[in-house]
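Below, each value reflects all heavy atoms present in this structure, side chains not excepted, and no hydrogens, waters or symmetry copies. Just so we're on the same page: letters track the sequence lines, and every chain starts at 1.
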There are 2 protein chains.
Amino acid sequence: MKAKVYVTLKSGILDPQGKAVQHSLETIGYNAAMDVRQGKLFEVTLADGLSLDEAKKQVTEMAEKLLANPVMENFTVEVE
Amino acid sequence: MKAKVYVTLKSGILDPQGKAVQHSLETIGYNAAMDVRQGKLFEVTLADGLSLDEAKKQVTEMAEKLLANPVMENFTVEVE
């Protein structure tokens with residue numbers, strides 16, 4: 001089973017890395033990109049034998065404890 | 001309009017960062033995570049007035065030219 005965790009900065013948290021990307025896009029001619037925010041993506045391969053519910057629960061815990069910083073970041077978990 | 005670009009390492013490309021995360025998960029007791037691969041996520045806010053097709057085309061170009069390294073990375077684009 002595979003899970004994906006998407007980690008994004010909370011709104012209100014400055015994102016200089018995203019800003020730099022947006023500026024670079026502008027420099028090479030893409031003026032339509034008004035704002036860019038950069039996040040992280042984790043693809044987690046899970047051991048066999050977990051139920052979908054159990055997998056979602058465990059991966060959510062992993063995100064809370066390690067993959068995301070809950071003070072500054074939001075995350076969403078997808079299990080497939 | 002907003003677009004999301006998901007950038008992941010191609011299979012076969014080593015991911016020491018993901019490996020370190022997987023090891024840390026193991027250390028705090030999550031043995032169900034067999035493998036972790038880390039990718040990037042860009043949220044791009046686009047200027048008003050672009051059609052959906054035009055937006056998808058432009059963001060795909062941005063990904064090819066700047067957001068992803070096509071030699072080592074795959075990407076998918078979602079426009080909403």
Check your understanding: A:Val21, A:Leu9: one ILVMFWY side-chain cluster at the under-4.5 Å cut-off?
Key -> no

Review point. Between A:Met1, A:Gln58, A:Lys40, A:Glu43, which shows the greatest number of heavy-atom pairs under 4.5 Å with chain B?
Key: A:Glu43

Check your understanding: In terms of heavy-atom proximity below 4.5 Å to chain B, should A:Leu50 be classed as side chain, backbone, both, or neither?
Key -> side chain

Review point. Are any side-chain N or O atoms of B:Arg37 and backbone N or O atoms of B:Leu14, one a donor and one an acceptor, separated by less than 3.5 Å?
Key: no

**Study point:** Donor-acceptor under 3.5 Å (A:Lys10 side chain, A:Pro70 main chain)
**Key:** yes

**Study point:** Proximity breakdown for A:Leu46 and chain B, heavy-atom pairs closer than 4.5 Å
**Key:** both

Check your understanding: Is the distance between the ring centroids of B:Tyr6 and A:Tyr6 under 6.0 Å?
Key -> yes

Point to revise | Modelled atom types, side-chain donor and acceptor of B:Tyr30 and A:Lys65, under 3.5 Å | key: yes

Practice item. Measure distances from B:Val7 to the heavy atoms of chain A and classify the residue's part below 4.5 Å as side chain, backbone, both or neither. Key: backbone

Exercise for review: Could you tell me which portion of B:Leu66 (side chain, backbone, both or neither) has an atom closer than 4.5 angstrom to a non-hydrogen atom of chain A?
Suggested key: side chain

Check your understanding: Between B:Glu26 and B:Asn31, what is the shortest heavy-atom contact and its length?
Key -> CG-OD1, 3.6 Å

Review point. When heavy-atom pairs shorter than 4.5 Å are enumerated against chain B, which of A:Met34, A:Gln22, A:Lys4 gives the highest number?
Key: A:Met34

Review point. Under a 4.5 Å heavy-atom cutoff, which of B:Gly29, B:Ala33, B:Gly49 has the most pairs with chain A?
Key: B:Ala33

